[in-house]
J.: 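Sharing a structure here in structure tokens format.
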Amino acid sequence: MINKRVLNPAEAVADIADGSSIMIGGFGEAGSPIELIHALIDQGASDLTVISNNTGSGEVGLAALLKERRVTKVICSFPKTLNSTVFPELYREGFTELELVPQGTLAERIRAGGAGVPAFYTPTAVGTPLAEGKEFREFNGRGYLLEHGLTADYSLIKGLTADSHGNLLYNKTARNFAPIMAMAADVTIVQAASVLEPGEIDPEIVVTPGIFVDRVVEVADPAYESELIAAGVSYP
Amino acid sequence: MINKRVLNPAEAVADIADGSSIMIGGFGEAGSPIELIHALIDQGASDLTVISNNTGSGEVGLAALLKERRVTKVICSFPKTLNSTVFPELYREGFTELELVPQGTLAERIRAGGAGVPAFYTPTAVGTPLAEGKEFREFNGRGYLLEHGLTADYSLIKGLTADSHGNLLYNKTARNFAPIMAMAADVTIVQAASVLEPGEIDPEIVVTPGIFVDRVVEVADPAYESELIAAGVSYP
Amino acid sequence: MTQQTQVTGWTREEMAQRLAQDIANGSYVNLGIGIPELVAKFVPEGRTFIYHTENGLLGMGPSPAEGEADPELINAGKRHVTANPGSAYFHHADSFAMIRGGHLDLSVLGAMQIAQNGDLANWSTGKPGAIPAVGGAMDLVAGVKQVFVMTQHCTKTGDPKLVESCSYPLTGRGVVDRVYTNLAVIDVTPDGFQVVELCPGVEFETVQELTGAPLRPASE
Amino acid sequence: MTQQTQVTGWTREEMAQRLAQDIANGSYVNLGIGIPELVAKFVPEGRTFIYHTENGLLGMGPSPAEGEADPELINAGKRHVTANPGSAYFHHADSFAMIRGGHLDLSVLGAMQIAQNGDLANWSTGKPGAIPAVGGAMDLVAGVKQVFVMTQHCTKTGDPKLVESCSYPLTGRGVVDRVYTNLAVIDVTPDGFQVVELCPGVEFETVQELTGAPLRPASE
């Protein structure tokens, strides 16, 4: 019998240690695992490296984690969003370091990390400031940069439907980085609106096979950043 | 209005020229696009390079294409199957060249070709005869080989359900190489048991998005290698 | 420059409409955040374009009706959108495989500067203290078959955006194929900027005056 | 060698049963074509293993009932199988991402030769004229967390399969963790072959005699 269910978000993130690297799914608020992030805020781990496309909005979710001064490095493609004030301050102050990565390179580095590919070549960013310090090489007369696979200790992602084996479905464009982050972390923690029994998800439509998932917690009615911000919430 | 439907297999493969490189889906008979291959046999193109996991069985499908002496090079991982006699003879005779690639490296090279990644590093085959002539490099103290992305002029693949935009679903383990071959070819030609209207396939469960597909032909009741062989068929 | 800056030329909508005419039926198109999104409103009669948004949707449709937005169905600009019949969702690595692998026909982007050799700068002013943010722009210009830029001909302060060489940090080198401004449609060629079409009522000399590099006039 | 080759030891089924005892509950396992497939028949009480077949299925089940086979639901050995509840289909690149990315807990493979440093040869005799075929073996040994070999202790002609160094072309270097033969369970350690367990009734000296490299006896 295999059962990856855990009781609640607090239990799901309980073992995350100071200094951990954590991939956090989401593109803007779509797919952002807010309840897991809030549990991580409550849990207390600090000196974290966060790999995520954005840096959150308002003072909830990822932005709240940053605001609590728990993240010392961010690897992301777009650390500016509407209502994003937390990261800019921490960045200017020098508290949070930024590794800026083009979005497709970020995605491919995560996928490579999960697929056991230590490095690959990409045409993206050749001839730009983001190529600085990177190995350049030509193939068939075109220039490419060497980029390295990216892995993490944990990933926190949001699914729509899961089963107890960890198979996952997503909601629309909330899918974004979640399937590749699930591949690239040692421990993948999922919040899903419903967690079913094995066999209740058609094997033809599984997006993330359970092998990439370690813990599944049911969060039946997840919050959205925009709603929390509109309601004036500042977490915690 | 977008409509990628073509009338029949003959029309689907009509423009394939001598000397073309062709990826052919399938793992054994699962996913082998037999009707498209037979149409290619009828069509007459020769001096082909075929990229496929196997080399076919009996004297139908891919094995029949080989037997007609139309394939001068095969890139594959496992050119031996039950009832596989055609390729061994052509190989020993020196008519058909073989590039042997480990199965996972073959898959990743095709995926890289389709994803615009010209080359990547893999641990597979380090220290073996298949590493000969390949660039070796260490990352974090472990050895890897440089492998190159693989593309082709055409891919011939088999789906279960398609729509006229080229979105595809597959049947069970017939999926195998088809989704990545669809990405890696200039022209991707699909036979599917049914071709629906746009909107009839749930966008959440699409396996191959239509952007990777150029032509779709309905083959309502596709043949299987094993059935043809059992019936004593030798194509043409 | 006082006189020239009064030339307004095409409106944004007219620019979008003009650009849309150059997109072939059945094209797979990524529209950048902002002005480029207007192109979707001007699809010529009889043509269908399929819109890709890099956050994981092919077949993106218009904004949802009031009250029907799903906060998890958004575009790259994080605005609510819909999914047309025949669409597909996919993850970010697959989405950028489409981009990097050359599967998209066209990327339409805004610009801060375009150089006569096709260099594009559209992601950073390079000013100290600015928060750098690149998103998918570098991937789009490196991977998509054709790159069209849609922009005002000059900056708000009247400086030319079409220049000999970019002073801002680059998004990509030699990547722009064609520029649609409020004054003209201009190709980037091996011989530099080549006017394809002038906005009716706008003189070649006026456009040249407002451009930071030599223009070749449209051939008759 | 006449005397020793009469030692038969464990049957294939007993080897499979012995190996299955060493697999933890919840493990993701790839069973190689042939003898390793027998392991699935001997899952210990109270444990569940999830089987991966590299042609695109996680959660592979046993052979289908008579008349219920789908020619497109097969395993890596191209035999008809079924899909258990909780299974998932995926394409080949994703399947080998699981393998190469270290997501599988265990690969069980057959062998032609195993060297005392863990080198494995199981894909080619290297004979001229032979059709080389490698399949997924090199990917499995390079990527899966643990590699167990399941094999007769000697070849059909009585030659040892456990050797100082492989004479056949390698599948991978230093990749084997443990070997299950009809005579013994043997670990590959930094100090060479280490007997973990002998088949009841089989003497250490007999096994050593049939092994082409030094064996260390099981510690008491």
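Every chain is numbered from 1, with letters handed out A, B, ... down the list of sequences. Everything numeric in this text was worked out from a predicted model, so none of it was measured.
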J.: Can you say whether B:N171 sits under 4.5 Å from chain A via the side chain, the backbone, both, or neither, judging by heavy atoms?
T.: both

J.: CG/B:D202 to CD1/A:I205 distance, rounded to the nearest 0.5 angstrom?
T.: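 Nearest 0.5 Å value for the CG-CD1 distance: 7.5 Å.
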
J.: Heavy atoms only: give me the nearest B:Y121-A:V117 pair and the separation to one decimal.
T.: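 Smallest heavy-atom distance, with atoms named: O-CG1, 3.6 Å.
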
J.: Quick one: what part of B:R142 sits under 4.5 Å from any heavy atom of chain A, side chain, backbone, both or neither?
T.: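 Answer is neither: B:R142 stays 4.5 Å or more from chain A.
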
J.: Is it true that atom CG of A:D18 has more than 12 heavy atoms of other residues, nucleotides or ligands lying nearer than 6.0 Å?
T.: yes

J.: With a 4.5 angstrom heavy-atom cut-off, could you sort out which part of B:Y144 is near chain A: side chain, backbone, both or neither?
T.: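 For B:Y144, the side chain is the part near chain A, not the backbone.
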
J.: Under 4.5 Å heavy-atom distance to chain A, tell me which part of B:L146 shows up: side chain, backbone, both or neither.
T.: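 Side chain only.
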
J.: Do the side chain of B:E204 and the main chain of A:K172 share a donor and acceptor less than 3.5 angstrom apart?
T.: yes

J.: Select one option (side chain, backbone, both, neither) describing which atoms of B:E108 are under 4.5 Å from chain A's heavy atoms.
T.: side chain

J.: For A:P123 and B:G116, which heavy atoms make the closest approach, and how far apart are they?
T.: CD-O, 3.7 Å

J.: Anything under 30° is parallel, anything over 60° is perpendicular, the rest tilted; go ahead and classify B:F139 against A:H148.
T.: perpendicular

J.: Given the options B:P118, B:A112, B:G104, which has more heavy-atom pairs under 4.5 Å with chain A than any of the others?
T.: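 Ranked by contacts with chain A, first place is B:P118.
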
J.: May I ask you to name which of A:R111, A:R175, A:R137 has the most heavy-atom pairs under 4.5 Å with chain B?
T.: A:R111

